[in-house]
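Note sheet for the following structure.
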Number of protein chains: 2
Amino acid sequence: MTTQSLIKPEPEAGSSTADAILNYIRGAIADGSLNDGEPIRQDEVARRFNVSKIPVREALKRLEAEGFVAFIPNRGVVVRAVSDPEIAQIFETRAILESNAIGFSVPMMTAESLARASACCAAFDEAGDVAQWSALNWQFHSSLYLDAQRPYLVELIRTINVRLERYLRIQLTLSVGKGIANEEHHAILDACRAGDAGLASRLTYDHIMGANKSLHRFLPGARF
Amino acid sequence: MTTQSLIKPEPEAGSSTADAILNYIRGAIADGSLNDGEPIRQDEVARRFNVSKIPVREALKRLEAEGFVAFIPNRGVVVRAVSDPEIAQIFETRAILESNAIGFSVPMMTAESLARASACCAAFDEAGDVAQWSALNWQFHSSLYLDAQRPYLVELIRTINVRLERYLRIQLTLSVGKGIANEEHHAILDACRAGDAGLASRLTYDHIMGANKSLHRFLPGARF
DNA sequence: ATGTCAGGACTCGTATACGATTCCTATAAT
DNA sequence: ATTATAGGAATCGTATACGAGTCCTGACAT
């Protein structure tokens with residue numbers, strides 16, 4: 001864990017101590033402060049937060065279940081490397097799930113839903129830094145799935161997106177990344193307005209798989 | 001936690017203490033020993049396994065991430081109730097993911113793959129108790145997805161199936177449950193043999209959604 | 001008799017402590 | 001000079017201990 005990544009060990013929003021640490025480490029992995037394979041020293045994190053190791057370990061156990069880290073017996077915890085093929089599969093899974101979700105959603109959409117989604121889309125367009133893009137990108141996508149009235153499905157999609165956040169940020173940072181994303185968002189929104197569930201579904205699938213392709217054209221070169 | 005459910009607190013397969021407890025509690029929830037909403041007393045579990053609370057809490061933290069239990073602040077851990085609509089959504093998500101997985105898989109299947117799947121299918125047909133049915137049912141399904149060469153997707157499907165295991169067991173216990181499942185398994189297998197990915201995909205979707213429907217015709221009456 | 005409040009028992013959440021295992025380093029032998 | 005080995009430092013995994021908060025019970029007032 002680099003020093004840079006832990007400038008601000010404030011309690012944040014989490015209610016319990018373990019929750020705060022959980023969010024913090026997850027954030028550090030998402031924004032690239034913690035690199036793949038890097039060990040996470042329990043005592044070090046504990047000292048930084050002025051707590052014992054116990055809440056740290058509990059946070060790490062949750063992160064293990066979420067796939068972000070791995071406990072190596074008697075060796076400690078490391079950030080779990082996500083291989084390029086695995087990233088591709090996760091994007092593909094997103095495409096499958098999100099295209100279905102929007103397909104369910106479109107027939108149920110109301111004027112308010114469309115207005116909310118449109119607002120998210122506009123905010124995404126004007127956002128400044130990559131952290132905002134990432135957050136607003138999710139807000140836009142998820143707002144399109146809400147009318148499907150399938151909270152379990154949306155929550156699963158959210159979990160998968162969290163796991164990908166780090167790579168989404170890289171993709172959005174690419175020169176063409178954000179511009180294309182925004183165009184495609186508008187196209188999806190138009191399909192929703194037109195009530196064309198099949199088209200919205202297909203555009204969503206292609207939108208996600210397109211991000212996947214553009215990321216992989218870049219990845220072999222450099223990792224952040 | 002009932003006494004019945006904890007007859008055999010052996011270390012099982014898990015390497016670390018926490019892993020053993022994790023598998024044990026997860027199993028107790030899967031087989032219905034632990035009912036929805038039932039509190040899990042940390043000290044009680046710790047005493048039963050002759051360990052302290054710490055590994056128990058770590059196991060529970062993983063189960064929390066997997067959705068099996070919820071930590072209520074200063075109140076303890078309870079088995080998380082899965083509502084009927086949520087069960088329906090989980091089945092639907094399975095149908096989406098597994099129909100896609102088999103669609104990817106069929107074009108890549110070899111004679112050996114088909115033989116393995118066929119063997120699972122036969123074993124399922126002849127299995128005796130519900131725990132075996134459940135295990136062999138998963139072996140059959142997963143064997144059909146392996147050739148898709150998408151380990152992430154298969155692992156996600158497995159996770160979702162584990163979450164549903166308890167309700168799958170109920171469904172298979174229903175008078176018609178196992179027989180219909182077996183017929184449908186054979187039909188899916190035939191489609192794979194014929195190399196008809198679209199048909200296999202559709203049959204898989206219907207197979208899972210059919211189990212969903214038959215379970216829900218039953219559920220409002222009695223929970224195990 | 002019923003509602004309210006105080007006191008105790010219980011459970012949780014976390015700090016501290018300690019043995020076990022692993023990793024690093026310095027020394028010695030070939 | 002290079003390799004093997006022994007000893008120490010560091011880290012992990014878990015037991016024990018304790019304060020904080022919650023729930024239950026029983027006495028008291030109305």
Side-chain angles (χ1 to χ4, degrees), chain A residues 1-3 5-6 9-26 28-29 34-65 68-80, chain B residues 1-3 5-6 9-26 28-29 34-65 68-80:
Chain A
M1 181 168 292
T2 66
T3 307
S5 70
L6 287 171
E10 304 297 330
E12 297 203 12
S15 53
S16 123
T17 310
D19 287 337
I21 297 171
L22 174 69
N23 291 329
Y24 194 77
I25 298 179
R26 189 157 45 199
I29 295 176
L34 287 170
N35 285 315
D36 287 346
E38 194 166 346
I40 299 178
R41 299 286 160 222
Q42 302 175 4
D43 289 335
E44 184 182 353
V45 178
R47 269 197 307 276
R48 250 175 225 284
F49 281 85
N50 284 324
V51 297
S52 81
K53 287 187 313 187
I54 309 266
V56 175
R57 286 180 61 82
E58 291 181 359
L60 290 171
K61 276 288 168 184
R62 276 214 53 156
L63 289 170
E64 181 189 22
F68 286 105
V69 303
F71 277 71
I72 302 176
N74 288 323
R75 292 280 308 275
V77 178
V78 297
V79 178
R80 233 191 71 174
Chain B
M1 181 170 293
T2 65
T3 308
S5 70
L6 287 169
E10 304 297 330
E12 296 203 14
S15 52
S16 124
T17 310
D19 287 337
I21 297 172
L22 174 69
N23 290 328
Y24 194 79
I25 299 178
R26 189 157 48 199
I29 294 177
L34 287 169
N35 285 316
D36 288 345
E38 194 166 344
I40 299 178
R41 299 286 159 222
Q42 303 175 3
D43 289 335
E44 184 182 354
V45 178
R47 269 197 308 276
R48 251 175 224 281
F49 281 83
N50 284 323
V51 296
S52 81
K53 287 186 314 186
I54 309 265
V56 175
R57 286 179 61 80
E58 290 181 1
L60 290 171
K61 275 289 168 185
R62 277 215 51 160
L63 289 169
E64 180 189 22
F68 286 105
V69 304
F71 277 70
I72 303 176
N74 289 324
R75 293 282 306 276
V77 178
V78 297
V79 178
R80 232 191 71 173

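Each chain gets a letter, A, B and so on, in the order the sequences are listed, and its residues count up from 1. If you're wondering where the values come from, they're calculated on a predicted model, not measured in any experiment.
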To check you understand the geometry: which heavy-atom pair defines the closest contact between [X] and [Y], and what is its length?
X	Y	answer
A:Asp19	B:Lys61	OD1-NZ, 4.5 Å
B:Gln42	B:Arg57	NE2-NH1, 3.0 Å
B:Arg80	B:Ala70	CG-CB, 3.9 Å

**Message:** Regarding B:Val77, tell me which of base, sugar-phosphate or nothing describes its non-hydrogen contacts under 4.0 Å with the strands shown.
**Reply:**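 Nothing, no nucleic acid heavy atom in range.
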Within the sub-3.5 Å range, which N or O atoms of nucleotides 7-10 of chain D have a protein N or O partner, and how far apart are they?
none

Under 4.5 Å between any side-chain heavy atoms of [X] and [Y], yes or no?
X	Y	value
B:Leu63	B:Leu22	yes
B:Val69	B:Ile29	yes
B:Phe49	B:Ile21	yes

Counting only heavy atoms and a strict 4.0 angstrom limit, can you tell me which residues of residues 56-64 of chain A come near DNA chain D?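 Contacting residues: A:Arg57.
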Exercise for review: For A:Arg47, check side-chain contact (heavy atoms from CB on, under 4.5 Å) against everything at least two apart and list the hits.
Suggested key: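 Result, side-chain contact (heavy atoms from CB on, under 4.5 Å) vs A:Arg47: A:Asp43, A:Glu44.
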In Å and rounded to the nearest 0.5 Å, what is the CD to CD distance from B:Glu58 to A:Glu58?
->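 Rounded to the nearest 0.5 Å, the CD-CD separation comes to 6.5 Å.
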Open item on the list: Once rounded to the nearest 0.5 Å, what's the spacing between atom CG of B:Leu60 and atom CD1 of B:Ile25?
Closed with: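 Rounded to the nearest 0.5 Å, the CG-CD1 separation comes to 4.5 Å.
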Original post:
Among all residues two or more places apart in sequence or in another chain, which pass the side-chain hydrogen bond (donor to acceptor under 3.5 Å, both in side chains) test with A:Arg26?
Top reply: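 A:Arg26 satisfies side-chain hydrogen bond (donor to acceptor under 3.5 Å, both in side chains) with A:Asn23, A:Glu66 once adjacent residues are dropped.
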Query raised in the report: More 5' along DNA chain D: A:Phe71 or B:Lys53, using each one's nearest nucleotide?
Result: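 The 5'-side residue here is A:Phe71.
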Requested in this report: Using heavy atoms to find the nearest nucleotide of DNA chain C for A:Asn50 and A:Arg75 separately, return the residue whose nucleotide is more 5′.
Outcome: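 Whichever sits nearer the 5' end wins; that is A:Asn50.
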query = What are the bounds, 5' to 3', of the part of DNA chain C that sits under 4.0 Å from heavy atoms of chain B?
reply =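 First and last nucleotides in contact are C:dT11 to C:dA15.
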